[in-house]
Peer 1: 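Here's a structure for you.
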Protein chains: 2
Amino acid sequence: MMPRRPEYDRDALIARARDIFWRQGWAGTSLKDLERELKLKPGSFYAAFGSKDALYGLALERYAQEGVARLRALADRLGPLEALKTQPRLVIEASGAPAKSCMLAKTYAELQAKDHDLAEQAGGHMAEMKACFADLFRQAQEAGDIGPDHDPNRLATRYQSDLLGLRLSAERSDVDAHEIAADIAADIDRL
Amino acid sequence: MMPRRPEYDRDALIARARDIFWRQGWAGTSLKDLERELKLKPGSFYAAFGSKDALYGLALERYAQEGVARLRALADRLGPLEALKTQPRLVIEASGAPAKSCMLAKTYAELQAKDHDLAEQAGGHMAEMKACFADLFRQAQEAGDIGPDHDPNRLATRYQSDLLGLRLSAERSDVDAHEIAADIAADIDRL
DNA sequence: TATATACTTGAGCGACCGCTCAAGAAAGAC
DNA sequence: GTCTTTCTTGAGCGGTCGCTCAAGTATATA
């Protein structure tokens with residue numbers, strides 16, 4: 001006696017929620033917003049996701065996972081050094097994205113003062129991302145593309161910081177983000 | 001027939017409100033929070049400031065104005081180049097500050113998607129700050145401390161972006177912000 | 001001291017918040 | 001068709017939001 005199946009595509013809903021949260025932030029997104037955009041009544045929403053925070057967590061997870069995957073794919077295609085040099089430009093040109101700035105950073109900045117679990121989760125993902133960058137710098141160093149007297153972890157820390165600044169700057173209309181991206185890439189060439 | 005004077009120091013209240021907003025953000029700060037921290041009942045609060053947003057605006061104004069003043073003072077004391085090299089370290093070492101990250105950037109990031117007036121105000125102040133940086137770079141260039149083949153405006157844009165990234169990174173426990181600050185200062189030396 | 005003028009107080013407004021749950025609708029098993 | 005199970009629906013809960021306002025209180029003038 002199997003009953004009816006849900007009418008929605010859960011994965012697609014998470015992706016849409018991610019875009020809304022990404023753009024509007026945690027406090028800036030109400031359940032009304034989600035219900036309207038996801039076309040879910042409150043009952044279905046809570047049956048599917050449990051709570052607003054739980055959905056935000058899923059959205060963050062998805063965001064981080066896709067970010068890592070995209071970077072790895074880029075490195076596979078271009079090699080570590082070129083990937084690191086290309087990433088700044090790619091990240092501000094992503095035309096389909098709901099925002100230029102990083103969702104992990106926005107989440108962390110918004111919720112850290114509250115010691116919210118989601119801030120901790122975002123921070124963890126930023127650490128993962130930093131580790132990815134460090135990996136690529138290390139590979140580039142082993143390939144001889146970067147001088148041996150550099151610490152890959154330190155390069156990664158600086159690089160991630162630059163990327164966060166770039167992506168925040170890219171939201172501003174009075175800033176030419178492409179110049180910044182080009183300068184970041186140029187810095188890598190000088191290593 | 002002059003009546004009683006207010007019991008509070010308006011300027012001090014604005015400074016305290018700035019610290020609360022800076023740490024907790026716009027949505028993250030409720031009137032209850034403000035009433036408790038400023039020791040004002042709702043009636044006095046609204047008599048003094050008109051609205052939460054109005055107080056936030058005053059706090060932003062104060063924040064921006066003090067930021068510019070601090071930078072100018074630093075430049076007067078150390079000269080333009082040294083000021084630019086020192087600022088990154090100072091900004092993450094400010095021990096009395098309620099947060100490492102920039103209140104203008106946090107405000108902009110939180111409210112831009114809503115097209116909130118406060119986001120526009122914050123963006124304007126960031127532009128002013130960028131102009132300050134450009135001024136210092138130009139002065140350093142005229143003094144011969146920086147090669148003549150650099151555009152001060154472009155340097156300022158990159159510098160501000162780096163500073164935003166640094167200050168956001170400085171909130172994280174898994175990041176050594178001093179390393180980043182030192183690297184940013186080192187970049188300036190290579191110009 | 002009497003009066004006019006402000007400041008202080010706090011109950012409480014309407015709106016919205018995240019969320020619950022009982023009732024109705026749909027679909028596979030028999 | 002009938003039954004069972006799940007999904008869908010939407011009214012509405014308790015709570016908090018930003019904010020108002022009338023009553024009470026303190027102070028400088030006259």
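Each chain gets a letter, A, B and so on, in the order the sequences are listed, and its residues count up from 1.
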Peer 1: Find the distance B:Leu38:CG to C:dT9:P and express it as a whole number of Å.
Peer 2: 13 Å

Peer 1: Please list, chain by chain and in numerical order, all residues satisfying salt bridge (charged side-chain N to carboxylate O under 4.0 Å, His left out) with A:Glu93, sequence neighbours excluded.
Peer 2: A:Arg89

Peer 1: Round to the nearest Å and state the distance from B:Asp53 atom CG to D:dC19 atom P.
Peer 2: 7 Å

Peer 1: Under 4.0 Å between a Lys/Arg side-chain N and an Asp/Glu carboxylate O for A:Asp187 and A:Arg190?
Peer 2: yes

Peer 1: Out of A:Arg23, A:Lys106, A:Glu171, which one pairs with A:Ser101 under the side chain to side chain donor-acceptor pair (under 3.5 Å) rule?
Peer 2: A:Glu171

Peer 1: Expressed as a whole number of angstroms, how long is the span from A:Phe45:CZ to C:dT20:P?
Peer 2: 11 Å

Peer 1: For a quick test of reading the model, state the closest non-hydrogen atom pair linking A:Leu168 to B:Ala105 and the distance between them.
Peer 2: CD1-CB, 4.1 Å

Peer 1: Whole-Å distance between C:dC7 C1' and B:Phe49 CZ?
Peer 2: 14 Å

Peer 1: For B:Phe21 and B:Trp26, I'd like to know if the aromatic rings sit close, meaning centre-to-centre distance below 6.0 Å.
Peer 2: no

Peer 1: Determine the contact category for A:Ser44: base if any of its heavy atoms lies under 4.0 Å from a base atom, sugar-phosphate if only primed atoms, P, OP1 or OP2 are that close, otherwise nothing.
Peer 2: base

Peer 1: Of the options D:dA11, C:dG18, D:dT20, whose atoms approach the side-chain atoms of A:Ser30 most closely?
Peer 2: C:dG18

Peer 1: Could you tell me how far apart B:Leu40 (CG) and D:dC19 (C1') are, to the nearest whole angstrom?
Peer 2: 14 Å

Peer 1: Kindly calculate the angle separating the two end axes of the helix from C:dT1-D:dA30 to C:dC30-D:dG1, each obtained from five base pairs, and round it to 10 degrees.
Peer 2: 0°

Peer 1: Check every atom of D:dT9, C:dC17, C:dT20 against the side chain of A:Lys41 and return the nucleotide holding the closest atom.
Peer 2: D:dT9

Peer 1: Provide, to the nearest angstrom, the distance between the NZ atom belonging to B:Lys32 and the P atom belonging to D:dT16.
Peer 2: 8 Å

Peer 1: Restricting to non-hydrogen atoms, name the atom on A:Thr157 and the atom on A:Lys130 that form the minimum distance, rounded to 0.1 Å.
Peer 2: OG1-CD, 3.7 Å

Peer 1: With a sphere of 6.0 Å drawn around CD of B:Glu120, does it hold more than 12 non-hydrogen atoms of other residues, nucleotides or ligands?
Peer 2: no

Peer 1: Please report, rounded to the nearest Å, how far the P atom of C:dG18 is from the OH atom of A:Tyr56.
Peer 2: 13 Å

Peer 1: Counting the atoms with a prime plus P, OP1 and OP2 as sugar-phosphate, which does A:Lys52 contact under 4.0 Å by heavy atoms, base, sugar-phosphate, or nothing?
Peer 2: sugar-phosphate

Peer 1: To the nearest angstrom, how far is A:Tyr46 atom OH from C:dT20 atom P?
Peer 2: 7 Å

Peer 1: Considering only D:dG18, C:dC19, C:dG10, which nucleotide approaches the side chain of B:Pro42 most closely?
Peer 2: C:dG10

